[in-house]
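Following: one structure in structure tokens, then a few remarks.
Positions are given from 1, in the same order as the sequence printed here. What's counted below: heavy atoms across the whole structure, side chains too, no hydrogens, waters or symmetry copies. Atoms within a ligand are numbered from 1 in the order they appear, just like the ligands themselves.
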Amino acid sequence: SMVVIEEFLDGPEVSVFGVCDGADVVLLRPAPDFKRAYDGDRGPNTGGMGAYCPYPLASRDFEALPGAVFEPVLAELASRGARYAGVLYAGLILTADGPKVLEFNARFGDPETQAVLPRLRSDAYELLAAAARPDGGGLAGVELDFDDNWAVTLVLASAGYPAAPSTGDVICGLADAAREGVEVTHAGTARREDGAIVTAGGRVLNVTALGPTPAAARDAAYAAAAKIGFAGRQLRSDIALRAVGATRA
Ligand code: GLY
């Protein structure tokens, strides 16, 4: 048998998505997610109960990421004949020695994407089309424009999630939640034959709000989420609280 000893990475976890064209990478803004089911990062692990963007990563650390984290992966893949065009998701731990990679995924992250993309002012279609150009090279020199507003995303999960998610519970208040600066994204929902929208999975809805400060975005997201009801609805009450505290300090 073999024992694998790994370095213990201590620090906050942040997701950074790099859009790659095989050689070049353009980074979207960092966003942490909240993996545990209950407030205070307690309870079972989930797919993610909320996110916010941007995370105030030191600009020196952020600017080092393409060369230190993304480009070596792209170069190694290309050298193996597997040119990678698409989203490379780096899960980073921000240690006292700087960001360290915990994991890579070949996809966007959920629910971070719901907080990251509403702040992208550049055209997302053009960005992805440039990444997918068959001859490569579409992202050379591309710079992205981002909204100054903060984004906070809350996940509304079904009763019993994550162990045994309840399905078929009628969801009300969706129209009331819709307002300027708020996006409600459906994840685990279905339309019943009579037209009612019902729960159909563990993480049911995402409510994302934009605001000029973390507190404003957070308050707007919680106000919109409060309009939406279904039996046993689960919603953490401390999403982005650290961001509010950090900017007030
Ligand atoms: N937010 C975690 C993931 O998408 O894997």
Side-chain angles (χ1 to χ4, degrees), residues 6 9-20 25-57 61-62 65 69-70 73-74 77 84-95 99-120 124 127-128 131 146 150-158 161-163 165 183-189 199-210 214 217-218 221 225 234-243:
E6 294 186 318
L9 299 179
D10 191 22
E13 186 175 346
V14 175
S15 305
V16 179
F17 308 138
V19 182
C20 310
V25 58
V26 181
L27 299 190
L28 303 179
R29 292 293 183 255
D33 77 350
F34 292 74
K35 293 251 168 56
R36 299 285 177 166
Y38 311 138
D39 285 5
D41 294 327
R42 290 178 299 105
N45 226 11
T46 71
M49 296 296 287
Y52 64 91
C53 185
Y55 183 90
L57 191 57
D61 286 340
F62 186 71
L65 290 176
V69 169
F70 289 88
V73 175
L74 299 180
L77 288 171
Y84 181 73
V87 174
L88 186 60
Y89 157 161
L92 304 173
I93 303 289
L94 306 178
T95 74
K100 302 261 173 106
V101 176
L102 183 67
E103 62 172 357
F104 284 115
N105 292 296
R107 58 172 173 80
F108 279 111
D110 175 17
E112 301 94 304
T113 304
Q114 290 87 309
V116 168
L117 287 188
R119 299 187 61 255
L120 179 64
L127 173 66
L128 297 176
F146 293 95
W150 291 72
V152 172
T153 296
L154 308 175
V155 171
L156 277 55
S158 57
Y161 178 74
E183 274 184 19
V184 178
T185 313
H186 289 238
T189 66
T199 62
R203 289 184 298 155
V204 176
L205 294 159
N206 304 269
V207 176
T208 301
L210 293 170
R218 188 172 183 275
Q234 298 190 68
L235 166 66
R236 273 183 62 160
S237 70
D238 62 348
I239 303 300
L241 204 51
R242 278 178 307 215

Verify the distance criterion only: is there a donor paired with an acceptor across the side chains of Asn206 and Thr153 at less than 3.5 Å?
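There is no such pair (donor and acceptor under 3.5 Å, judged by atom type) between the side chains of Asn206 and Thr153.
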
Tell me every residue that passes side chain to side chain contact (heavy atoms under 4.5 Å, CB included) with Leu128, counting only those two or more places apart in sequence or in another chain.
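Side chain to side chain contact (heavy atoms under 4.5 Å, CB included) list for Leu128, sorted by chain: Val19.
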
Of all residues at least two apart in sequence or in a different chain, which pass the side chain to side chain contact (heavy atoms under 4.5 Å, CB included) check with Ala200?
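Listed in chain order: Ala190.
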
Hey, could you give me each pair passing salt bridge (charged side-chain N to carboxylate O under 4.0 Å, His left out) that has a residue in residues 103-112? Not counting sequence neighbours.
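Output for this query lists Asp110-Arg203.
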
Show me, by chain and number, every protein residue that has a heavy-atom distance under 4.0 Å to ligand 1.
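Lining ligand 1: Asp33, Lys35, Gly47, Tyr89, Arg107, Gly109, Asp110, Glu112.
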
Test applied, side chain to side chain contact (heavy atoms under 4.5 Å, CB included); reference residue, Phe62; option that passes from Pro30, Pro56, Pro99, Pro54:
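Among the candidates, only Pro30 passes.
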
For the pair Phe17 and Phe108, name the ring-plane relationship: parallel under 30°, tilted 30 to 60°, perpendicular over 60°.
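Geometry flag for Phe108 against Phe17: perpendicular rings.
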
